[in-house]
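The figures here come from the full heavy-atom set of this structure, side chains too, leaving out hydrogens, waters and symmetry mates. A, B, ... follow the sequence lines: proteins, then strands. Residue 1 opens every chain.
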2 protein chains.
Amino acid sequence: MATSIQDRQEVSSVRDPRQIRATEQVSKPQQYAHEHPRPSVTVDIALFTFAQNELKILLIARKAPPFAGYWALPGGFVAIGEELEAAAQRELAEETGLRNVKLDQMHTFGAPDRDPRTRVISVAHLALIGQDALAHNPALAADDAADARWWNAYALPQLAFDHADICAIALTRLRSMLGNIETACRLLPAAFTLTQLQLVYECVLDEPLDKRNFRRKVLDTDLLEDTGVKTKGDHRPARLYRLRA
Amino acid sequence: MATSIQDRQEVSSVRDPRQIRATEQVSKPQQYAHEHPRPSVTVDIALFTFAQNELKILLIARKAPPFAGYWALPGGFVAIGEELEAAAQRELAEETGLRNVKLDQMHTFGAPDRDPRTRVISVAHLALIGQDALAHNPALAADDAADARWWNAYALPQLAFDHADICAIALTRLRSMLGNIETACRLLPAAFTLTQLQLVYECVLDEPLDKRNFRRKVLDTDLLEDTGVKTKGDHRPARLYRLRA
DNA sequence: GCAAAAGTGTTCCTTATACACCCATGT
DNA sequence: ACATGGGTGTATAAGGAACACTTTTGC
């Protein structure tokens, strides 16, 4: 029998080493700078939504070189005292006006030549948003801003840097996260129909799903609740669901 | 119906943007340095093995401040023109003599105060190794080096920096990777018994498994083949298996 | 012969899959 | 009335979980 089960307890009783630092002798920050030329560090954000029955990703048109005229993921430099996720939140707010979007760190891209100017290491993040969150931002909501546009995630233009790689990994990551129904819901408005949710799954997984099996599986989890409201439209109204609190 | 299926083709036909760079006007690298104070970037490696019926992780004793006397994950600075994974391979070779170990990038740790000297962003990697790979390195194989030692992954000492967080995430990641039998095999020698493999699963998942169900599930995948060799020891000899090529 | 670890099948239950028709609304 | 998308149940297959005894070796 492995000893892991008994030993587990000891881990949580270890004191947080951050509380001990102050008592140690610390070398000067400058000491580092001479020894190691430092790369720049950026964050990039792959922001997805689901609209017009398509999985969409937000891209920004670059105005300055390198890659002027190309499309790129939103992102930018990490400030020297800034958490990585805070940097991603700040860049997202600066470039889209969106705040308090849940961000998942995804992968760090560090090929030495990925930026032709200098060494830039980029920590890529994944973010999912429902269309209703865009309502406050007319440019993004209307999908016609001169420099920011939603693109079908399966039909991207040429991208700057290695952003095509980042998008590909983002899509793979998103796919692997669909086991959690909540993930798919994050791509939709707060209230949505089961058909919309199924379309999200079909679009991200890129395969058709059986309607009855899908609905049973989703409703059996008890993660969704009926809002009591129904859609109004051309045909039979559909129940609107929301994530249960 | 989602349009993703038809559109998928267009992605792969997009030209690699890296081939286009040379034609663009490029700003000078120095331009960056003034605008953004740059962090240092390191790689850390959580190297696991399975020995003495325990999941073990390799730690290095720190001799210099900060955290002198503490144990830490192997790792070090990324050179300015170096791939992240190459840096991790180099550091692993320098500190343990191990080469050509498969490395998986795991997570990037960027809390501004995680290193008391200066801003250091660390890209953490996960590596798994069988005991037979350690045979060439007597110090590591004997587990008695003054400054490098294998520790039970569930009973770690106090760790430098945020390495306790890194170890915790490494263990979680390792757990999530056990769906692939190959992952568990990477913690064992090239030839191993099914009981050893089961112990790996039980130790990493931290739960007992049924012997008959486990053996059936593993053998049904057809990923293992019988080496024809058996163990010699105190009791009934066991078949030794290896990963099928 | 006994201690210790290796090896081996069957039953039950849960979960996934395949499949087709009626319903509510707008025009 | 018809076009359009919303909504529903059942039967079969597959996979996961529970469970105990015999075999082979060293001492």
Matching residue for B/Y241 among B/T193, B/L223, B/L219, B/L197 - test: side-chain contact (heavy atoms from CB on, under 4.5 Å): B/L219

CG of B/L219 versus P of C/dT8: gap in Å, rounded? 8 Å

A/R114 vs A/F109 side-chain heavy atoms within contact, under 4.5 Å: yes

Nearest whole Å is fine: how far is D/dC19 C1' from B/L209 CG? 15 Å

What nucleic acid atoms does A/T231 come within less than 4.0 Å of, heavy atoms only: base, sugar-phosphate, or nothing? nothing

Test ring pair (Phe, Tyr, Trp, His ring centres under 6.0 Å) applied to B/Y201 and B/F214, step by step: CA-CA 10 Å; B/Y201 274 86; B/F214 178 80; 5.4 Å; yes

Interatomic distance, B/L194 CG vs C/dG7 C1' [rounded to whole Å]: 10 Å

Of D/dT25, D/dG7, D/dA3, the nucleotide closest to the side chain of A/H235 is D/dA3

Counting side-chain heavy atoms from C-beta on, which of D/dG6, C/dC19, C/dG7 comes nearest to A/K211? D/dG6

What contact category does B/R215 fall into here, base, sugar-phosphate, or nothing, at under 4.0 angstrom with non-hydrogen atoms? base

Here the gap from B/Y70 atom OH to B/H163 atom NE2, rounded to the nearest 0.5 Å, amounts to 13.5 Å

Atom CG of A/N213 and atom C1' of D/dG7 are separated, to the nearest Å, by 14 Å

A/K232 NZ to C/dG26 C1', straight-line distance once rounded to whole Å: 14 Å

With heavy atoms under 4.0 Å as the rule, sort B/R216 into base, sugar-phosphate or nothing. base

Look at the side chain of B/D234 and the base of C/dA3, then say whether one donor and one acceptor between them are separated by less than 3.5 Å. no

Is any NZ, NE, NH1 or NH2 atom of the basic residue among B/E182 and B/R186 found under 4.0 Å from an Asp or Glu carboxylate oxygen of the other? no

Taking A/A190's backbone N and O only, do any of them form a donor-acceptor pair with A/D132's side chain (distance below 3.5 Å, no angle check)? yes

On the nucleotide D/dG5, are OP1 or OP2 found under 4.0 Å from the side-chain N or O atoms that A/T195 carries? no

For atom NZ of A/K230 and atom P of D/dG5, their distance in whole Å: 18 Å

Less than 3.5 Å between a donor and an acceptor, one on the side chain of A/D210 and one on the base of C/dC19, is that the case here? yes

I need the CZ-C1' distance between A/F214 and C/dT15, as an integer number of Å. 17 Å

Heavy atoms only, 4.0 Å cut-off, all strands: where does A/T193 land among base, sugar-phosphate and nothing? nothing

Among D/dC27, C/dA5, D/dG6, the nucleotide that comes nearest once only the side chain of B/R236 is considered: C/dA5

Would you kindly give the CZ-to-C1' distance between A/R239 and C/dT25, to the nearest whole Å? 15 Å

Closest to side chain of B/K217, choosing from D/dT8, D/dG16, C/dA6: D/dG16

Would you say the base of C/dA20 and the side-chain of A/R212 have a donor-acceptor pair closer than 3.5 Å? yes

Residue A/P237, side-chain heavy atoms: nucleotide from C/dA24, D/dG7, C/dA4 that is nearest: C/dA24

